[in-house]
Number of protein chains: 2
Amino acid sequence: MPKLDESLLTGLPPFSLLDRPQIREILDLSVSQRYDAGTAIFREGHDAERFYLLLDGFIRVIKTTPEGEQIIALHIAPGQLFGIAPALRRDTYPATAMTASESLALSWPVRLWDGFSAKYEGFATECYRTVGERLGEMQTRIVELATQAVEQRVAAALLRLVNQSGRRVETGIEIAFPITRQNLSDMTGSTLHTVSRLLSAWERDGIVHSTRKHIVVTAPHRLVLLSGAQG
Amino acid sequence: MPKLDESLLTGLPPFSLLDRPQIREILDLSVSQRYDAGTAIFREGHDAERFYLLLDGFIRVIKTTPEGEQIIALHIAPGQLFGIAPALRRDTYPATAMTASESLALSWPVRLWDGFSAKYEGFATECYRTVGERLGEMQTRIVELATQAVEQRVAAALLRLVNQSGRRVETGIEIAFPITRQNLSDMTGSTLHTVSRLLSAWERDGIVHSTRKHIVVTAPHRLVLLSGAQG
DNA sequence: TGCCAACTTTGCTCTGAGACAAACTTCCGG
DNA sequence: CCGGAAGTTTGTCTCAGAGCAAAGTTGGCA
């Protein structure tokens with residue numbers, strides 16, 4: 001295992017108040033691991049043994065129903081913590097973390113959590129801020145699911161992806177990891193058929209350009225209108 | 001204001017590890033207030049100035065869409081904290097808290113939060129446990145909304161209410177606060193018409209007995225079947 | 001006691017989007 | 001370069017449940 005560089009963590013919210021020796025300590029306690037695309041880092045219901053920081057790649061947080069349907073609760077982008085069950089005093093993971101693309105993550109055993117919180121200024125505060133934000137996102141999604149039509153929900157989901165993990169290309173903004181119609185329907189409580197029809201329609205209207213596992217939003221502002229966001 | 005009694009807080013999760021003098025301190029810093037049924041204790045978007053503990057009554061936590069539709073995110077029962085924005089480092093309330101019945105709550109200014117966490121053993125831990133549970137509930141509701149039919153969602157909502165705040169009566173289990181068809185539809189992303197039809201059907205089948213603002217579940221086990229909970 | 005507002009019920013219509021079915025395309029591995 | 005798996009598109013059918021409309025019921029208040 002090559003020695004990790006302190007600059008990896010510098011500037012990331014949970015560690016932004018720390019100096020280099022402190023970051024060095026934290027890094028030395030971590031394990032780093034690479035994952036292929038489409039592998040589970042941990043699974044719902046399993047003992048929460050470690051918490052994670054995504055360095056590169058993208059993670060989907062997934063819940064599966066007893067009937068086998070799955071819905072995507074959340075996407076994690078590089079620089080974010082995930083699997084932070086210990087922060088909420090859970091002893092099992094509430095959902096499964098699956099890589100959307102090849103990924104690299106650091107992790108620590110949960111028993112270090114309380115030490116980190118006590119010892120490192122700002123660590124707990126920033127983590128709970130993250131939890132608060134995710135809670136807010138989840139509330140927003142509940143409201144969306146309860147009140148909006150499928151087209152609005154898919155538009156909103158696409159916009160969220162683009163904001164969180166889009167990168168500029170000549171023709172618009174591209175989602176930075178592979179994503180299928182099925183994935184999008186798992187995020188919105190719909191079906192791949194309906195999502196496919198929507199994307200086709202939007203393609204005709206010049207709002208998006210999509211190919212297999214790959215979406216570029218060419219007219220974000222028009223998507224905003226479709227999402228029903230209030231003006 | 002009459003002097004409050006320490007026994008009010010004894011045994012409640014956030015304070016269960018504290019002794020009487022400590023509880024006395026906390027109580028002396030609190031303000032207690034009575035609210036009529038149907039009044040807002042705080043509103044979405046307003047500055048989070050205080051956090052609350054419900055002593056008696058019931059609270060609905062509500063989000064309103066820009067279009068004016070509202071959905072009920074959560075019910076709070078006596079003994080639970082609410083408005084705990086400071087725990088998640090938010091400076092505004094993410095939702096509105098409305099009394100479902102006449103209620104009594106204690107509250108403290110948010111600036112005391114960090115002090116409580118630092119000084120009182122178990123306070124922060126228990127609060128974050130609560131946050132974790134609510135997060136889990138919200139995830140469950142997202143999955144429900146995304147995958148289940150209306151009948152299942154309403155059945156599940158009713159069961160949740162009955163578990164959280166039901167009281168035994170001769171004929172079954174009664175929801176301990178006033179609740180309308182509209183409320184139930186606001187919890188499930190449906191309409192009062194559809195909920196009314198469902199309750200009528202269930203009444204015919206002997207599963208519930210309901211009158212205006214008042215529901216008794218007479219056959220909880222049959223509701224469980226309807227809710228699609230896995231057996 | 002009677003009125004009114006709030007709550008509930010029920011009928012009818014209409015449509016969004018899920019289910020089913022089948023063909024097509026793309027990419028990867030051998 | 002071929003074959004097959006994975007992903008996508010499109011058509012048709014169907015129905016759960018929302019929307020609209022109107023009437024009934026209840027309980028609190030004057």
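Only this structure's heavy atoms are used, side chains among them; waters, hydrogens and symmetry mates stay out. Chain naming here is simple, since letters A, B, ... match the order of the sequence lines and numbering starts at 1 in each.
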Check: Does the pair Glu137(A)/Arg134(A) count as a salt bridge with the N-to-O cut at 4.0 Å?
Finding: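 Result for this pair is no, no salt bridge flagged.
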What is the distance, to the nearest angstrom, from the [atom1] atom on [X] to the [atom2] atom on [N]?
{"X": "Lys213(A)", "N": "dA5(D)", "atom1": "NZ", "atom2": "P", "answer": "16 Å"}
{"X": "Gln182(A)", "N": "dG18(C)", "atom1": "CD", "atom2": "C1'", "answer": "13 Å"}
{"X": "Ile179(B)", "N": "dT8(C)", "atom1": "CD1", "atom2": "C1'", "answer": "14 Å"}
{"X": "Leu184(B)", "N": "dC7(C)", "atom1": "CG", "atom2": "P", "answer": "14 Å"}
{"X": "Asp186(B)", "N": "dA18(D)", "atom1": "CG", "atom2": "P", "answer": "12 Å"}
{"X": "Arg204(B)", "N": "dT8(C)", "atom1": "CZ", "atom2": "C1'", "answer": "14 Å"}
{"X": "Glu69(A)", "N": "dG18(C)", "atom1": "CD", "atom2": "P", "answer": "11 Å"}
{"X": "His209(B)", "N": "dT8(C)", "atom1": "NE2", "atom2": "C1'", "answer": "14 Å"}

Next item on the list: For His193(A) and for Arg153(A), locate the closest nucleotide of DNA chain C by heavy-atom distance; then report the residue assigned to the nucleotide nearer the 5' terminus.
Entry: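 It is Arg153(A) whose nearest nucleotide is closer to the 5' end.
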Nearest listed nucleotide, side chain of [X], among [options]:
{"X": "Ala149(A)", "options": "dA17(C), dG7(D), dT9(D)", "value": "dA17(C)"}
{"X": "Arg197(A)", "options": "dG11(D), dC7(C), dG17(D)", "value": "dG11(D)"}
{"X": "Leu192(B)", "options": "dG11(C), dT9(D), dT8(C)", "value": "dT8(C)"}

Item checked: Side chain Arg212(A) and base dT26(C) donor-acceptor under 3.5 Å ->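 Present.
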Next item on the list: To the nearest 10°, let me know how far the axis at one end of the helix from dT1(C)-dA30(D) to dG30(C)-dC1(D) is tilted from the axis at the other, five pairs an end.
Entry: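 The end-segment axes of the helix from dT1(C)-dA30(D) to dG30(C)-dC1(D) are tilted 40° relative to each other.
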Please confirm whether the shortest side-chain N or O distance from [X] to OP1 or OP2 of [N] is below 4.0 Å.
{"X": "Ser190(B)", "N": "dA18(D)", "answer": "yes"}
{"X": "Ser196(A)", "N": "dT9(D)", "answer": "yes"}
{"X": "Thr180(B)", "N": "dC7(C)", "answer": "no"}
{"X": "Arg181(A)", "N": "dT8(D)", "answer": "yes"}
{"X": "Thr211(B)", "N": "dT26(D)", "answer": "no"}
{"X": "Thr191(B)", "N": "dG17(D)", "answer": "no"}

Margin query: Restricting to salt bridge (Lys or Arg N to Asp or Glu O under 4.0 Å), what partner residues turn up for Asp91(B), sequence neighbours left out?
Written below: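 In terms of salt bridge (Lys or Arg N to Asp or Glu O under 4.0 Å), with neighbours along the sequence ignored, Asp91(B) is linked to no residue.
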Any side-chain donor paired with an acceptor under 3.5 Å for [X] and [Y]?
{"X": "Thr10(B)", "Y": "Ser7(B)", "answer": "no"}
{"X": "His75(A)", "Y": "Gln164(A)", "answer": "no"}
{"X": "Thr180(A)", "Y": "Asn183(A)", "answer": "yes"}
{"X": "Ser107(A)", "Y": "Arg50(A)", "answer": "yes"}

Check: Can the ring centres of Phe51(A) and Phe82(A) be said to be less than 6.0 Å apart?
Finding: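 Centroid distance Phe51(A)-Phe82(A): not below 6.0 Å, so no.
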Checklist line | Residue of the set His214(B), Arg168(B), His209(B) for which side chain to side chain donor-acceptor pair (under 3.5 Å) holds with Glu174(B) | finding: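 It is His214(B), the one option of His214(B), Arg168(B), His209(B) that forms the side chain to side chain donor-acceptor pair (under 3.5 Å) with Glu174(B).
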